[in-house]
Visitor: 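The following block contains the structure, expressed as structure tokens.
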Amino acid sequence: MSIHWADVIAEKLEKSGPHTIATGITPSGPVHIGNMREVMTAEAVYRALLDRGVEAKLIYIADTYDRLRRLYPFLPESFTEHIGKPLSEIPCPLGCCASYADHFLNPFLKSMERLGIKPQVYRADVLYKEGKYNEAIKTALRRKDDIARILKEVSGRDVPAGWSPFDAICPTCGRTNTTHVTGFDLEGETVDYECSCGSKGTVSMSGGGKLVWRVDWPARWPIFNVTVEPFGKDHATSGGSYDTGKRISEEIYGYPAPFPMVYEWIHLKGVGAMHSSTGIVVTIQEMLDVVPPEVLRYLIIRNKPEKHIEFDPGLPLLSLVDEYDQRKGDERAIELSNISKSGPFEIPFRHMVTAVQIARGDEDGLFVALKRSGYDVITRREEILGRARNVQTWLDKYAPAYVKFQVQETLPVAVKNLTPQERQGLGILAEQVEEKTAADIHELVYAVAKEQGLDSKKFFQAIYLAFLGDRQGPKVGWFLASLERGFVKARLKEAATA
RNA sequence: GGGCCGGUAGCUUAGUCAGGCAGAGCGAAAGGCUCUUAACCUUUAGGUCGGGGGUUCAAAUCCCUCUCGGCCCGCCA
């Protein structure tokens, strides 16, 4: 019996509680499932701690005050002028949200909600404007030479002459990458700057600028009492921002660095790692259109953070859903992924794939088809509809061609090519499908084929041909049982006499 | 050049910290049922634990070394 990774970490942390687990993402582009790993990883440990009776908090700091670094592929050319400005101060690229930051942050917050993740949310721009960082800014400015020395010692990088741990936002042009800090006033909590746009003057520490990333990160640890911090492997490299952050936290802020949790990337099968900046992305929303939320949780939670995840939204996705629904996978991972109280979803995803294609977008038709197959369609209507939407989107975007089919409205002409024996078999089938269950129909097909001296393979093809105009289809007994019985009878007869 | 993570059955992986009979799911095969047809049940097969060396009574696990894959080293999950 193995212990789940989240429990292993919780066990390690148990004695040093209470804990604050901090996550954070920069909303500089569409937030994708790779980003979700950070939050999911944190939440798994959060739950594991609570399960042990350890007091714990989960917080999420949106780095809305980071600057736009370059013109990403998904941005219009006109956004060149915003490069260097904080994300919260740039207009929404589509004009639908209050700011650039909101445009990417809002859908992410909504996705977290759907995934049952409920952290306390903070926005960096608000925190800075409220002056929450002021003490940390003053300490950093006062000891900037010590910080520069740490950066040099740990990362080997020399900071440029006149370097400042605080970037001023130019009040004239709005940029932080064009300013130069020339002095500061600790008592007045202001910073003097010069900007290459020609402007110079004084800005407040409250919202007039931002600590550089390598200092910003450790600065927030004492502010929020952070004790656990998950981060991507990019920060974990030797001499990277965790290494420098750890020393800055300990030596400058006198605060022990939080417990590090390094996690790997999620790759999209056949495409590569996801990056907001390259546009190679499956957003969480797109994913939630296809995968039920608890299964998306399961995808991340069942894998140890340091393993990279190869995500394949094609056929393997069905296996993943079934593994979760049928409780075949790691027990604890399933438990940590669960967000509903109603227990496992009983209709197999593969059967939903059949039912949805029979119903062709008709809700009532879907329920009728499922009911014919013997499933309970009364108690969990909403969930069924949710799954049906998942399946429809999956069919549209990711499903391999051979799982798709269309019940033909009229008898396909290709039926003419059937042999007399095959036709006769279909006629016998028509007589006997009457009140049979799915399994019985399946039996019947084999029985009739044998009776008529037909190769069962050919006979199956004949049936698929009559209904789908194709040589293959879903498991035949269950397929026919999902269709309206009168129609099945009529179509079989029609094919028999064509 | 420096560093991090990973390599265990066809696939996805547990077990590595703390050495003690290599375990699961998917897939496959056989059967349930004179039946290959996207659901179900039962059973079975499948492993040089990436290679080599070392330590040990005992190594997937610890040490050394090589190798393959992914990634990081201005910023990035």
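In what follows, chains carry the letters A, B, and so on, assigned in the order in which the sequence lines appear, proteins first and then strands, with residues in each chain numbered from 1.
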Visitor: What's the CD-C1' distance between A:Glu323 and B:A24, to the nearest Å?
Guide: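 Distance check: A:Glu323 CD to B:A24 C1' gives 10 Å.
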
Visitor: Nearest whole Å is fine: how far is B:C26 C1' from A:Asp322 CG?
Guide: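 Checked: the CG to C1' distance equals 10 Å.
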
Visitor: Using a distance-only test with no angle check, is there a side-chain donor-acceptor pair under 3.5 angstrom linking A:Thr176 and A:Arg67?
Guide: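 Indeed, the side chains of A:Thr176 and A:Arg67 share at least one donor-acceptor pair under 3.5 Å.
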
Visitor: In whole Å, I'd like the distance from the CD1 atom of A:Ile347 to the P atom of B:C40.
Guide: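 The answer, rounded to whole Å, is 14 Å.
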
Visitor: Could you check, using the six-membered ring where one of them is a Trp, whether A:His103 and A:Tyr100 have ring centers closer than 6.0 angstrom?
Guide: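 For A:His103 and A:Tyr100, the ring centres are not under 6.0 Å apart.
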
Visitor: Using whole Å, report how far CG of A:Asp234 lies from P of B:G70.
Guide: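 Answer to the nearest Å: 18 Å.
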
Visitor: So A:Tyr263, base contact, sugar-phosphate only, or nothing? Heavy-atom distance under 4.0 Å.
Guide: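 Base: the residue A:Tyr263, judged by heavy atoms under 4.0 Å, touches a nucleobase.
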
Visitor: Between A:Glu38 and A:Tyr263, is there a side-chain donor-acceptor contact under 3.5 Å, judged purely by atom types and distance?
Guide: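 The criterion, which ignores hydrogens and geometry beyond distance, is satisfied for A:Glu38 and A:Tyr263.
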
Visitor: Please tell me which of the listed nucleotides, B:U12, B:U13, B:A77, lies nearest to the side chain of A:Asn303?
Guide: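 When the side chain of A:Asn303 is considered, B:U13 is the closest of B:U12, B:U13, B:A77.
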
Visitor: Would you indicate which nucleotide in B:A39, B:U12, B:A14 comes nearest to any side-chain atom of A:Pro348?
Guide: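 That would be B:A39.
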
Visitor: Could you give the distance separating B:U12 and B:A18 at their P atoms, to the nearest angstrom?
Guide: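 Their P atoms lie roughly 29 Å apart.
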
Visitor: What is the pairing partner of B:G6, taking Watson-Crick or G-U wobble pairs with both distances under 3.5 Å in any strand?
Guide: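 Per the H-bond distance test, B:C68.
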
Visitor: Base, sugar-phosphate or nothing for A:Gly473? Non-hydrogen atoms, less than 4.0 Å.
Guide: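 Result for A:Gly473 = base.
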
Visitor: What distance, rounded to whole Å, do you find between the two C1' atoms, one in B:G6 and one in B:C40?
Guide: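 Those two atoms are separated by 37 Å.
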
Visitor: Given B:C75, is OP1 or OP2 found less than 4.0 Å from the side-chain N or O atoms of A:Thr26?
Guide: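 Indeed not, no polar side-chain atom of A:Thr26 lies that close.
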
Visitor: Taking N or O atoms only and anything under 3.5 Å, show me the protein contacts with nucleotides 9-11 of chain B, one pair per line.
Guide:
none

Visitor: Taking OP1 and OP2 of B:A77, is either one under 4.0 Å from a side-chain nitrogen or oxygen of A:Arg37?
Guide: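 It does not, given that no N or O in the side chain of A:Arg37 lies less than 4.0 Å from OP1 or OP2 of B:A77.
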
Visitor: Scan every strand shown for a Watson-Crick or G-U wobble partner of B:G31, both distances under 3.5 Å, and answer none if you come up empty.
Guide: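 Result: B:C41.
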
Visitor: Can we call the ring centroids of A:Phe104 and A:Phe108 under 6.0 Å apart?
Guide: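 They do not qualify: ring centres at least 6.0 Å apart.
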
Visitor: For nucleotides B:G46 and B:G23, find the distance between their P atoms and express it as a whole number of Å.
Guide: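 My reading of the P atoms in B:G46 and B:G23 gives 13 Å.
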
Visitor: Ignoring hydrogens and geometry beyond distance, is a side-chain donor-acceptor pair present between A:Tyr242 and A:Glu229 at under 3.5 Å?
Guide: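 Result is no, nothing qualifies.
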
Visitor: Would you indicate which nucleotide in B:C75, B:C17, B:A77 comes nearest to any side-chain atom of A:Arg214?
Guide: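 In terms of side-chain proximity for A:Arg214, the closest of B:C75, B:C17, B:A77 is B:C75.
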
Visitor: B:G74 pairs with which nucleotide, Watson-Crick or G-U wobble, both distances below 3.5 Å?
Guide: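 Per the H-bond distance test, none.
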
Visitor: Would you check if the distance from the ring center of A:Phe405 to the ring center of A:Phe479 is below 6.0 Å?
Guide: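 Yes, ring centres under 6.0 Å apart.
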
Visitor: Can you check whether A:Trp213 and A:His235 have ring centres sitting under 6.0 Å from each other?
Guide: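 They qualify: ring centres under 6.0 Å apart.
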
Visitor: Look at all strands and tell whether A:Val262 reaches a base, only sugar-phosphate, or nothing, counting heavy atoms closer than 4.0 Å.
Guide: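 The answer is nothing, as A:Val262 stays clear of every strand by at least 4.0 Å.
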
Visitor: Expressed as a whole number of Å, how far does the P atom of B:C62 sit from that of B:C21?
Guide: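 Here B:C62 and B:C21 have their P atoms 16 Å from each other.
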
Visitor: Quick check on RNA chain B: between A:Arg350 and A:Ser241, whose nearest nucleotide comes earlier from the 5' end?
Guide: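 Result of the comparison: A:Arg350.
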
Visitor: In whole angstrom, what separates A:Lys307's NZ from B:G7's C1'?
Guide: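 Roughly 7 Å, once rounded to whole Å.
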
Visitor: Using atom CD of A:Glu306 as one end and atom C1' of B:G6 as the other, report the distance to the nearest whole Å.
Guide: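 That distance rounds to 9 Å.
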
Visitor: Pairing check on B:G20: which nucleotide meets the Watson-Crick or G-U wobble criteria with it, both distances under 3.5 Å?
Guide: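 Partner of B:G20: B:C57.
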
Visitor: For A:Tyr375 together with A:His351, are the ring centres under 6.0 Å from each other?
Guide: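 Close enough - the centres of the two rings lie under 6.0 Å apart.
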
Visitor: Please pick, from B:A39, B:C72, B:A14, the nucleotide with the shortest atom-to-atom distance to any side-chain atom of A:Lys304.
Guide: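 Among the listed nucleotides, the one closest to the side chain of A:Lys304 is B:A14.
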
Visitor: Using the closest heavy atom to pick a nucleotide of RNA chain B for each, name whichever of A:Ile309 or A:Glu38 lands nearer the 5' end.
Guide: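 Going by which nucleotide is closer to the 5' end, it is A:Ile309.
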
Visitor: Taking any heavy-atom pair under 4.0 Å as a contact, classify A:Arg302: base, sugar-phosphate, or nothing.
Guide: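 It contacts sugar-phosphate atoms only.
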
Visitor: Taking the same atom, C1', in B:C33 and in B:U42, what whole-Å distance lies between them?
Guide: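 Rounded to whole Å, the distance is 13 Å.
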
Visitor: Work out how far the C1' atom of B:G27 is from that of B:C63, and round it to whole angstrom.
Guide: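 That atom pair is separated by 38 Å.
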
Visitor: Rounding to an integer number of Å, can you tell me how far A:Glu153 CD sits from B:C73 C1'?
Guide: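 Spelled out: CD on A:Glu153 to C1' on B:C73 is 18 Å.
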
Visitor: Quick check, are the ring centers of A:Trp394 and A:Phe349 under 6.0 angstrom apart?
Guide: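 No, the ring centres sit 6.0 Å or more apart.
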
Visitor: Would you say the rings of A:Tyr122 and A:Phe224 are close, in the sense that their centroids are separated by under 6.0 Å?
Guide: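 Yes, the ring of A:Phe224 comes within the 6.0 Å limit of the ring of A:Tyr122, centre to centre.
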
Visitor: Pick the P atom in B:G19 and in B:G31, then give their distance to the nearest Å.
Guide: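 Per the computed distance, 47 Å lies between those P atoms.
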
Visitor: Does a side-chain N or O of A:Trp213 approach OP1 or OP2 of B:C76 to a distance below 4.0 Å, or not?
Guide: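 A:Trp213 to B:C76 OP1/OP2: side-chain N or O found under 4.0 Å.
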
Visitor: From CD1 of A:Ile300 over to C1' of B:U12, roughly how many Å is that when rounded to an integer?
Guide: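 Between C1' of B:U12 and CD1 of A:Ile300: 16 Å.
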
Visitor: B:A28 and B:G10: how far apart are their C1' atoms, nearest whole angstrom?
Guide: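 It works out to 8 Å between them.
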
Visitor: Nearest of B:C75, B:C76, B:A39 to any side-chain atom of A:His235?
Guide: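 Of the candidates, B:C76 comes closest.
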
